[in-house]
Structures are given as structure tokens and as C-alpha cells.
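Each chain gets a letter, A, B and so on, in the order the sequences are listed, and its residues count up from 1. The structure displayed is predicted, hence computed values, not measured ones.
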Amino acid sequence: MSTDPPTSYSPAKVEAKWQETWEKQGTNRFTQDDLRAPDRPYYNLMMFPYPSAEGLHVGNIYAFTGADVHGRFRRLTGHTVFEPIGFDAFGIHSENFALKQGIHPMDLIPSNVANFTRQLRRIGGMFDWDHMVDTTDPAYYRWTQWIFIQLFKAGLAERKEAPVNWCPSCMTVLSNEQVIAGACERCDTPVEQRTIAQWFFKITKYAAKLLDNLAHLDWSDSTKKAQVNWIGRSEGALLRFPILPPGGVAAGVDDAMTVAADALPTDTDQISVFTTRPDTVFGATYMVLSPEHPLVDEVTAPEQADAIREYSEVAAKMDLVARQKTEKAKTGVFTGGYCLNPATGEPIPIWIADYVLMGYGTGAIMAVPGHDQRDFEFASTYGLTIRRVVAAPGEDADTPLDEAYQGDGSLVKSEHFDGIPVADAKPAIVDWLAGRKLAEAKVNFRIHDWCISRQRYWGPPIPIIYCEDCGTVPVPEEDLPVVLPRVEDFKPDDSGVSPLARVEEWYRTKCPECGAVARRETDVSDTFLDSSWYFLRYPSTDSDDKPMDEDITRTWLPVDCYIGGNEHAVLHLLYARFITMALHDMGHVDFEEPFVRFRAHGLIIREGAKMSKSKGNVVIPDQIIEQYGADTLRIYLMFLGPFEEGGDYRDEGIQGPHGFLHRLWDTVINAEDGTPDPDVERKLHQTIAQVTAQIPTLQYNTAIAALMEYLNSVRAGGRTAVRAEVEPLVVLTAPFAPHIAEELWSRLGKDGTIFGQNWPEHDPEKAKESSVEVAVQVNGKLRGTVRGPAGMSQEMAEELARKEENVARYLDEGTVTRAIYVPNRLLNFVVGSADA
RNA sequence: GCCGGGGUGGCGAAAUCGGUAAACGCAGGGGACUUAAAAUCCCCCGGGCUUAGGCCCUUGCGGGUUCAACUCCCGCCCCCGGCACCA
């Protein structure tokens with residue numbers, strides 16, 4: 001034992017002591033040399049927090065603790081674990097908060113970061129503070145801008161017009177999430193749509209790879225599925241509908257049919273549509289263009305022009321969210337124009353309607369009201385032809401439709417395709433039309449290109465210069481970073497352009513190519529760009545001259561384990577994968593996928609309800625830590641429920657883990673030399689086995705239960721522990737409660753940090769039970785139990801069972817027809833009734 | 001509507017290659033120790049019967065498979081999270 005007198009457990013003292021010791025000894029810090037030559041490197045990553053003014057939320061602590069437990073376990077089992085942390089501090093939330101409080105973000109963020117840092121140190125994470133990242137630091141965003149330029153040079157960044165939500169009262173662009181029921185979330189003003197030129201990253205180029213690679217990733221299933229849905233691959237065809245020249249219809253349907261009989265003209269203008277149901281093309285009785293479709297003007301007849309213009313204006317004014325409400329009744333206007341159904345050769349009317357979205361497929365659809373519910377509703381409203389072209393067994397072409405039939409069946413009214421099942425008809429019809437160049441098979445993706453422009457202040461300026469003569473020129477890499485200037489008036493205004501556009505001395509610059517007067521891009525980039533590569537930067541923060549050190553990156557990446565919230569299942573994780581793939585294809589990294597393993601943690605609620613500031617039921621971690629200590633909080637959070645499912649924080653419950661640590665302290669401090677009790681030793685080895693198996697699978701709650709159970713048996717009846725019984729227990733507890741474990745370890749007279757390779761090994765022989773209790777059932781009902789040697793034979797078990805009075809009574813009621821024996825577990829007699 | 005996740009004691013939850021449902025913990029009750037309290041230790045703690053031995057019921061609801069179902073299959077209901085006119 002150490003010379004320290006046995007004192008009672010004081011979390012505050014123990015935790016302060018060890019946090020200081022780790023800091024002083026650099027226990028968790030990596031030098032350049034450490035990073036270059038690690039033994040069994042393990043990159044343990046958690047999603048970095050956004051440093052709000054409120055401080056760390058228990059949700060953050062929950063996530064970080066869960067990740068830290070994993071990291072500490074890996075370290076105890078012999079890995080060199082790199083566990084960095086940082087701050088995702090740019091973005092609209094900080095900016096809005098700063099506006100509201102009247103504090104400049106450049107003042108606000110550092111104080112938030114300082115507070116977060118203090119809190120993060122207090123929870124005892126194994127963070128390497130020498131490799132911290134702050135996305136608002138020019139030394140970091142210099143490389144965020146560098147990434148933009150690499151993508152620009154690779155043709156993966158382009159500038160184009162795109163619609164945005166605009167609040168005329170707040171005079172700002174809103175994201176879709178900030179639009180509630182068509183109104184601004186802050187002032188309730190109806191939102192409008194504006195069209196602004198913005199920068200996009202062509203993530204759609206990687207859609208197929210982003211989807212296909214998922215199959216090989218060790219990720220939470222729910223996360224993978226969310227990505228699959230988001231990418232939204234659908235197989236179908238592109239069909240072309242030739243536009244009939246004005247007056248073409250007047251000539252009559254017969255003429256049109258004649259045209260169809262020959263080859264349809266391919267040189268006239270056509271409208272392309274994407275469909276997953278090419279088999280229903282014979283039922284396409286009209287066509288719908290999105291109001292924004294470029295061909296709207298061309299197909300509109302003069303007498304319909306006013307109505308079309310009016311409808312388009314209303315649609316354009318509507319915000320993007322309200323427009324996409326499904327419950328809304330379908331509306332539209334006839335353009336007066338016609339096109340030819342490529343299959344039937346019939347002229348069909350062209351409408352515009354806002355239920356067709358410019359953002360998906362080609363922005364135009366062939367409407368098949370007989371087999372698409374949306375088209376059915378629209379056709380019913382406007383009296384358009386509804387034609388059945390698929391019939392289920394027992395139906396025929398004349399079976400009436402009172403809603404769209406979207407099920408399986410065979411084709412009808414489809415000329416020589418009649419009778420062919422839907423699945424076979426799809427390729428057959430595409431082939432047939434492809435022969436006349438009116439169709440081709442096509443895979444479409446739902447995912448859009450990534451708009452990274454923000455008409456805001458608090459972000460890294462997009463490193464682009466516009467020159468009258470040279471056009472769009474990237475800022476030369478040696479001129480990076482383009483520093484975000486300190487601007488006191490950073491409030492957005494009615495112009496819809498970035499606040500930086502008001503700072504002439506900043507945006508006026510020289511063209512890097514010709515030296516002429518030029519103008520900087522005044523938009524900043526999306527926060528998701530900051531976070532799409534931070535994990536690449538962590539191990540290389542010592543390098544000022546490059547974003548990633550090649551050797552170090554090769555050594556540490558990809559990330560071994562990434563833990564975070566499922567709210568980022570789609571955007572953040574997809575963007576990070578995309579950026580990594582793009583960097584891979586440009587030769588900057590040698591892997592395509594950044595995260596080998598990803599696990600989503602669950603959510604913490606409180607007393608059955610979601611925590612929120614407005615409800616005033618937020619757990620303040622500092623208070624809990626003061627009262628019970630970080631170790632208790634860590635264990636309690638991990639004990640609440642399965643880590644991947646979250647848990648219900650109940651204030652009283654913390655007593656359990658708190659008591660556990662007190663008893664652990666007491667037991668270890670008073671432990672004596674001696675020989676372990678055989679029963680306790682058996683339990684010990686069972687516990688080692690369970691905890692060792694359950695930590696890697698994040699089953700922390702049951703692992704902790706096992707530790708408690710073991711401590712209970714060590715202390716049973718008030719007995720004094722033997723040191724050999726509790727030394728391994730201290731190590732098993734260390735990932736969850738690192739401070740007390742260190743303290744007890746040193747009081748046990750051990751040298752150095754406990755987080756060396758000290759994980760105990762379990763001996764299966766010692767874990768074996770010598771006698772077992774076997775449940776005895778008669779006809780599946782429990783009638784007794786018998787105890788016998790482990791692994792006893794069925795004969796022996798039956799013999800013991802028959803001696804049980806209660807069992808015997810039921811056996812006497814009939815004859816045993818069979819007996820099922822599960823060794824060491826259960827014996828079930830199947831008894832036929834005596835009369836039978 | 002679609003895609004995930006989930007429904008088990010007063011509460012948080014265990015147990016799913018089908019094998020004694022409720023481990024561990026909270027709250028509650030009783031006891032030991034104590035002048036007292038705290039801490040600690042021991043016992044009880046799903047429901048209904050029963051003098052006892054014991055019996056019956058119970059994992060959202062209804063069916064089914066099986067010697068045996070929280071676990072598998074079919075059909076529903078409810079809650080949470082995400083997406084949502086995606087052609």
C-alpha cells in the first residue's frame with residue numbers, strides 16, 4: 001500500500017489531482033515523434049461540438065464519455081489511442097446569437113471555446129489538447145479554403161443560379177429548417193423564394209460511389225439506411241416526347257398517328273422525362289412541366305400566356321417548403337401546347353403544375369393518371385383522360401379505377417405489349433423506344449449538388465476573385481487564407497448579398513492573373529464544409545505548410561472508430577465521405593472512405609421528456625460534477641441504457657453509481673493481502689469475460705451492471721476484500737471512471753498511469769462453475785430445479801429430477817413420452833395424459 | 001405516406017443461435033448496527049389465489065409454429081426519431 005492514509009472518497013480532490021497529473025505528464029498528448037512511430041495506432045474520433053454560449057450539454061457529455069470509454073479501453077488493451085477534440089464554431093447559430101446579444105462573434109466564440117475547454121477537461125476525456133482544431137482559426141480555415149480551390153480546379157465546384165428562401169422582414173436567406181409552415185421561424189413573416197447565384201459542389205458525381213461503398217462500411221445500420229434513402233437511387237428511363245408545333249393539333253389526331261407510324265421526328269424539340277414506369281407509357285395522357293421548366297415559354301400558346309405567367313409567379317413566390325406540402329390540393333394550368341406520346345403517337349396536352357419539381361429528374365413528367373396517385377388526383381381535378389394500361393389478375397382494360405392502380409399486373413391497351421407482366425414490359429418498352437431514339441435506360445439519383453454559399457458573415461470567405469477580363473479566378477494558394485475581416489456591422493440586409501459586400505476595402509482587390517482591379521467573392525462557405533475534413537487535420541495540426549502530413553496521415557487514417565449523433569447521419573457524414581473521395585481522386589489521400597467504423601449514440605431525455613431550454617429541464621453538468629464528481633456522472637450516463645439507444649436521465653438514479661464508487665473506494669482501500677476466495681475468483685473471471693466482450697460493442701450499461709454485481713459479491717456479508725480480488729476490478733472500472741481508478745491504482749502501490757497495458761485476462765478454467773442448477777419442466781411448465789455437477793448427463797439430471805416431490809407428482813399423471821435436455825440449463829419432460 | 005428505432009414490474013432497464021422473465025440500479029417496506037443521523041450489511045418488493053406444500057396469470061393487442069416464444073412467423077395498435085408530391 002502507498003503511504004497515503006486511508007481517507008474517504010473525495011471525487012473533487014481525486015479528479016483535480018489526476019487531471020493535473022495527466023496534464024503535467026502529457027499522458028494523453030502526442031509529440032510529432034509519437035505521431036510518427038506509434039505502436040498499434042488507433043484513431044478514436046467523436047463529433048466535435050459547436051461551442052454554444054450555454055456550455056456543454058449533457059447530450060454532448062454523453063456522446064464524449066461513450067467515445068472516451070471506448071478509447072480508454074483500446075488503450076488499456078495495448079493500442080496507442082489518438083483522441084482529439086475541437087470546435088465547430090462557424091455558422092449561422094453563432095452569428096444569430098451574436099446579433100441577438102450584441103456581441104461580436106470574434107469576441108463571443110473565444111469565450112465560449114474557453115468555457116467548453118474547461119468543461120471538457122473536467123469530464124476527464126483522454127483528449128490530446130496539443131492537436132485541437134478550431135474551425136474559425138485562420139490557420140484552420142486557410143485549408144478549408146484550400147480544399148475549395150482543389151475542388152474548383154478539379155471541376156467539382158461550379159457557380160449557378162438557385163432558388164433560396166428569403167424572409168423579407170429579417171432580410172435574410174433562410175435554410176429550409178428555418179421555414180416553419182411557410183413562415184420565418186423568427187418573425188413569422190411569409191417567406192419568399194429568390195434566385196441567387198451560388199457555389200455548388202458536384203457531389204452528385206459521386207452518388208453511385210457514395211452508395212456502393214456503403215456496403216463495405218462497418219457503420220450503424222440505421223445510418224447506412226438513412227444515407228441510402230438520401231442518395232435515393234432509382235432505376236428507370238428517360239423518355240422523349242416530341243413537341244408538336246403550334247397548330248399541329250388542328251390538323252387532327254389522324255395525322256399525328258400517321259407520323260407515329262413512320263419514325264417520329266427526332267430533330268424537333270423534345271421534352272425529356274424521367275420515369276420509373278416506362279411500362280405505363282401507353283397510359284401517359286398528358287404531360288406536366290414544372291413552372292420553372294425552361295421549355296414553358298416555348299410550348300405556351302399565346303392565348304394561355306397570361307394564365308401561365310400568373311401561375312408561375314404565384315408558384316415562384318411560394319417558399320420551397322410550403323410548395324412541397326403533400327396535403328395541398330393539386331393545381332396547374334394548361335399551356336395550350338401539345339406533344340406526342342412516343343408510344344401511341346397521340347398528341348397529349350402539356351400542363352404546368354407545382355407538384356412537379358424542377359429539382360428532380362428533368363423537371364417534367366409524363367402523367368399516367370391510371371397508375372400514379374398524384375397524376376390521378378390532378379387528372380380528376382381537371383377532367384383529363386384516365387386510362388388503364390395495367391391490369392391485375394382478374395381485371396381487364398375496362399375494370400374501372402377509383403384511384404391509381406400502382407400494383408403489379410400485366411399490360412393492357414398497350415398494343416403488342418399487351419399481356420406482358422410489368423417487370424418484363426419495362427425493359428421491353430425502353431428497348432422498343434430506344435430503337436427510335438426516344439428512350440434510354442437511366443439511373444436517377446435524388447441527391448442534389450451541395451450548395452456551399454452562404455450570404456452571411458460568420459464563415460470562411462469563399463476564395464474566389466472575379467475579374468472583368470479573366471473571369472472567375474481562384475485565390476492563389478500562397479495567398480491563403482483569405483481572412484475574414486472584423487466587421488462591426490455584420491447584419492444581413494435587404495440586398496440578399498453577404499454583409500462582406502458592404503466592405504469595399506475588403507472585396508476590392510487585384511486580379512491574381514492580370515493585376516486589374518477585381519472583386520472578391522463576398523459569400524462565405526457552409527459550416528458543413530468546415531466539418532467535412534477536420535478529422536484529416538487533427539493529426540497534422542503541427543504542420544503549418546500543408547493541410548495533411550503524408551506520413552502521419554497514412555499512419556493514422558482512416559479513422560478507426562467514429563462516434564456521433566444520428567442527426568448527422570446524412571449531411572455531415574455524406575459530405576465528409578464526398579470530400580475524402582474527392583481528395584483521394586486528386587491524390588491527396590490514399591483512402592476513399594474516412595471512417596472505418598461509425599456508431600450512432602442514442603439521445604438522453606430527462607424524466608421521460610425531451611430536454612430543452614424552454615422547458616427548463618436541462619441537466620447542468622457542472623452542478624452534477626460538483627456534487628457527485630465526473631466519474632459518477634460518467635458511470636451514471638453510461639448506465640442509463642444501451643449507448644446506441646440513449647436513456648432517461650432521472651435525478652435520483654445517480655445515487656446508484658455514486659454509491660458504487662464509494663463502495664469501490666472503501667473496498668479497495670481496506671483490501672488485505674491473501675488468497676482470493678474461490679467463489680469470488682470465479683465471479684471475477686466471469687466478470688472480466690463479460691466486460692471485455694461488452695465494451696467493444698458499446699454495451700456499457702450491462703458491463704457496468706456486471707462490475708456492480710462483482711463488487712457486491714466481493715463485499716457480500718460485509719467481508720473484507722483480498723487485494724487480488726479487487727486489483728483487476730479497478731482496471732475494469734478505469735474506462736468508465738478514470739480518475740478514481742488512477743487513484744486506487746496508485747494506492748494499491750502501482751507505478752505510473754493505470755492506462756498502460758493493464759487489462760486483465762480472463763481464464764476460462766477459473767470462470768467455470770462446478771455445479772449448476774437445472775430447471776425441471778413438465779410439459780413446459782416449471783415444476784422445480786435440481787442442482788448437480790456442471791455438465792452432468794441427461795440420465796443423472798432425470799434421476800435427480802424424479803426425486804423432486806413436486807416433479808414426481810406431475811410425472812405420475814401420465815407417461816413420459818420424451819424428455820428434452822439442455823445441458824446445464826433445463827430438463828423438460830413431455831408427459832402424455834394417462835387416459836390417452 | 002415512406003424509412004429507422006422502440007413498447008417487459010412503481011421507475012431506468014436485463015434476458016433475443018427459442019430454454020428458470022424481471023440481472024443491475026432507483027424509489028418503497030422491514031431488520032441489524034448507532035444516543036441519533038449518514039454510511040454499511042441482511043431480508044422483502046409484477047398481479048391473483050393458498051393453512052402449508054404450492055397453484056394460476058403476466059413481456060402493447062389478436063392469431064400461428066414449437067416439448068418450450070419477450071425471442072420466430074402472420075395480422076393489427078401505440079410511442080419516438082428522420083424523410084416527405086422524388087415521377
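Between A:Tyr405 and A:His371, the ring planes are perpendicular. Angles over 60° get that label, and only those under 30° would be called parallel.
Atom P of nucleotide B:rA52 and atom CD of A:Glu805 are separated by 16 Å, given to the nearest angstrom.
Checked against B:rA15, B:rC67, B:rG81, the side chain of A:Thr702 finds its nearest nucleotide in B:rA15. Of the candidates B:rC85, B:rU40, B:rC3, the closest approach to any side-chain atom of A:Asp354 belongs to B:rC85.
Taking 3.5 Å as the limit, the base of B:rC85 and the side chain of A:Lys330 contain a donor-acceptor pair of atoms between them.
The residue among A:Arg374 and A:Ala716 whose nearest nucleotide of RNA chain B lies closer to the 5′ end is A:Ala716.
With hydrogens and angles disregarded, no donor-acceptor distance shorter than 3.5 Å links the side chain of A:Ser771 to the backbone of A:Pro789. The backbone N or O of A:Leu214 lies less than 3.5 Å from no partner atom in the side chain of A:Gln227, so there is not a single donor-acceptor pair.
Across all strands shown, B:rC41 forms a Watson-Crick or G-U wobble pair with B:rG31, both key distances being under 3.5 Å. For B:rA52, there is no paired base (Watson-Crick or G-U wobble, both distances below 3.5 Å). Across every strand in view, B:rC83 sits in a pair with B:rG1 that passes the Watson-Crick or G-U test at under 3.5 angstrom. Across all strands shown, B:rC61 pairs with B:rG75; the Watson-Crick or G-U wobble distances both stay below 3.5 Å.
A cation-pi arrangement is present between A:Arg577 and A:Trp219 under the rule of less than 6.0 angstrom and at most 45 degrees off the ring axis.
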